[in-house]
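Step one of this worksheet: look at the structure below.
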Amino acid sequence: MRLSAFALSTTKETPADAEIVSHQLMLRAGMIRKLGAGLYTWTPLGIRVLRKVESIVREEMDAAGALEVLMPAVQPAELWQQSGRWEAMGDLMLRMTDRAERQYCFGPTHEEVITDYAKRDISSYKQLPVNFYQIQTKFRDEIRPRFGLMRAREFIMKDAYSFHMDEADLDREYQVMRAAYARILDRIGLDYRIVAADSGAIGGAKSEEFHVLAHSGEDELAVAENGAYAANIEAATTRASDTPRPAPGGELRKVDTPGVATIADLCAALELPAEATAKAIVVMGEDDKPVLLVLRGDHSLNEIKAEGIDGIATPLQFADESTIREHFGAGPGSLGPVNVNLRVIADYGVQNAADMAVGANYDGAHFVNFNWGRDAVEPEFADLRNVVAGDPSPDGSPLSILRGIEVGHVFQLGDKYSRALELSVLDENGKSITPQMGCYGFGVSRIVAAAIEQCFDNAGICWPTAIAPFELVIIPIKADKSAAVREACDKLYAECRQLGIDVALDDRGLRPGPMFADAELIGIPHRVVVSDRGIEAGTLEYKGRRDSENSEIEYSVEALRQKLGR
RNA sequence: CGGAGUAUAGCUCAGCUUGGUAGAGCGCCACCUUCGGGAGGUGGAGGUCGUAGGUUCAAAUCCUGCUACUCCGACCA
């Protein structure tokens, strides 16, 4: 591509409404332009990156035996009413009405449509297993779109849906897709982790997420040192420590703590570390009676774990202040497990602790030296909190916490949709069965942003070569003055193209500084400079995007080809 | 939806407190000089100051409503 005809539009200044690096750099490099909240135009530069990601995804899906289809973005309401999700999706779904007042949505996902398609075309076990995928625009009316492409409302996703005769075959295909996703990320060249995910309301089904590691990631991942365990913090489990509970030290004692409402206040007032305190959280049970949850002061409640406990209302509902006062006689901030006639569930983190500071259920007072068994009956113990670095994983290896950007999710759906939409096939005995389904999502547009979050420096983006908008840029020096430079550039450009190198020639006629700055900002992995000096000396000046210095190579397309590692 | 903030030229912002004739830098166009790391000069184009109303002789500026966008929380590829 000749950049003079490429509508490149870069800026030095960072747009005011971009908060994270990928968003800032994509705007500065001119890859995307905002139309509205969560809505972006892909420019000629941006779409080159997007298309490269798509190609890799498509190749790997094809190689894994999945079949490409393309489903409508606009979907009739009836289908969603059948699956029960017309209501369940709520405001996430963009709804619309046609001229005859029929209702539609802009598809946020395609389980319903694919199942409807399968229903029309699949009727025999001989047609299974099968896996259909598409690369397509989705719209989700996110409560809060943000961070540019990271959480856009309209975005491009590769979604695949597989159909199976039984769970064993679903599991087989799940592993195939899992491996395909790993290959995609390996080929793109990003550092990632596969983690166990919360399987949500469809309990029991297996689900894993693929996260690109980045400091700006929205998700926390708990990864065991020995590599045997990795989970999204939402789903990461831990266990009680192996250290036995020490014997009680002092007697339970009530201390005045006027004005203390938080663990931080309490620590300051009593000069204790947060680990020596316990906090109390009151949630509602399914029977509408409050349940007291007790956690170590420095730990945080994991709401998914809490609502997963039998007897606790789903979705999790925190008790309001009047309910708390009615049952405890004190407000939040002074609550504890002493003299409580309600169900008490304590986290493993306080199971083997002694002499804790806890609320006294009396405004402005706390107990010190609280001990289970002695000062309150032994409660139920459960895994209630978000794990923290250093916690033991289920097999004992210590966990560390990483941050990641979710770019893929593989999921065993079971028969939720096939049953709801009445998909059935005949088995070899002529008996009707409901197929098992799997679904596999991959955020094509999101991974472009995720790649930048992982690969950038002060000058701009440092693309992995596999998804760079161009592999190589040729920069002429004083092309307007030197016919030799112009001819050399044209020749080198043509030769590179013949070799299949994805090359850009910066023939915009700019001064060198802006050309260098643009090449670095848009992240082209390889750069050569063509000048009279070099032509006379028989050398090309080469610089890799991450190199700190230039290097001289022989003036030949062959030497350049080797430098590019082709 | 709850909380916080912003809205003036294509972009980044000043002007608003104390009402009085629209500003800078970058970018864009033309010409000249420059030309190996975001050059300099001269001239130029470009804004109904988000929007609707109100107060006033007079509103970018004060008041009210609305809208859009950004950030913090629950949601997700």
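As the structure is a computational prediction, the values presented were derived from the model and not from experiment. A note on names: the letters A, B, ... follow the listed sequences, proteins ahead of strands, and every chain is numbered from 1.
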For the residue pair H526(A) and Y542(A), does the interplanar ring angle fall in the parallel (under 30°), tilted (30 to 60°) or perpendicular (over 60°) class?
tilted
Under 4.0 Å, counting only non-hydrogen atoms across every strand here, what does [X] touch: a base, just sugar-phosphate, or nothing?
| X | answer |
| --- | --- |
| K34(A) | sugar-phosphate |
| D219(A) | base |
| D159(A) | nothing |
| A160(A) | nothing |
| E520(A) | base |
| D91(A) | nothing |
| Y181(A) | nothing |

For G73(B), does either OP1 or OP2 sit under 4.0 Å from a side-chain N or O belonging to R144(A)?
yes
Does a side-chain N or O of R140(A) approach OP1 or OP2 of C76(B) to a distance below 4.0 Å, or not?
no
Can you check the [X] [atom1] to [N] [atom2] distance for me, whole Å?
| X | N | atom1 | atom2 | answer |
| --- | --- | --- | --- | --- |
| E234(A) | A74(B) | CD | P | 10 Å |
| I143(A) | A77(B) | CD1 | P | 14 Å |
| L521(A) | G37(B) | CG | P | 18 Å |
| K543(A) | G37(B) | NZ | C1' | 10 Å |

For N386(A) and S300(A), test the side chains for any donor-to-acceptor distance below 3.5 angstrom and give the result as yes or no.
yes
Any side-chain donor near an acceptor of the partner, Y40(A) and R153(A), under 3.5 Å
no
Output the single nucleotide from A39(B), C76(B), C75(B) whose closest atom is nearest the side chain of R146(A).
C75(B)
Could you list all N or O pairs between the protein and nucleotides 5-13 of chain B that sit under 3.5 Å apart?
| residue | atom | partner | partner atom | Å |
| --- | --- | --- | --- | --- |
| C11(B) | O2 | E13(A) | OE1 | 3.4 |
| U12(B) | OP1 | A16(A) | N | 2.8 |

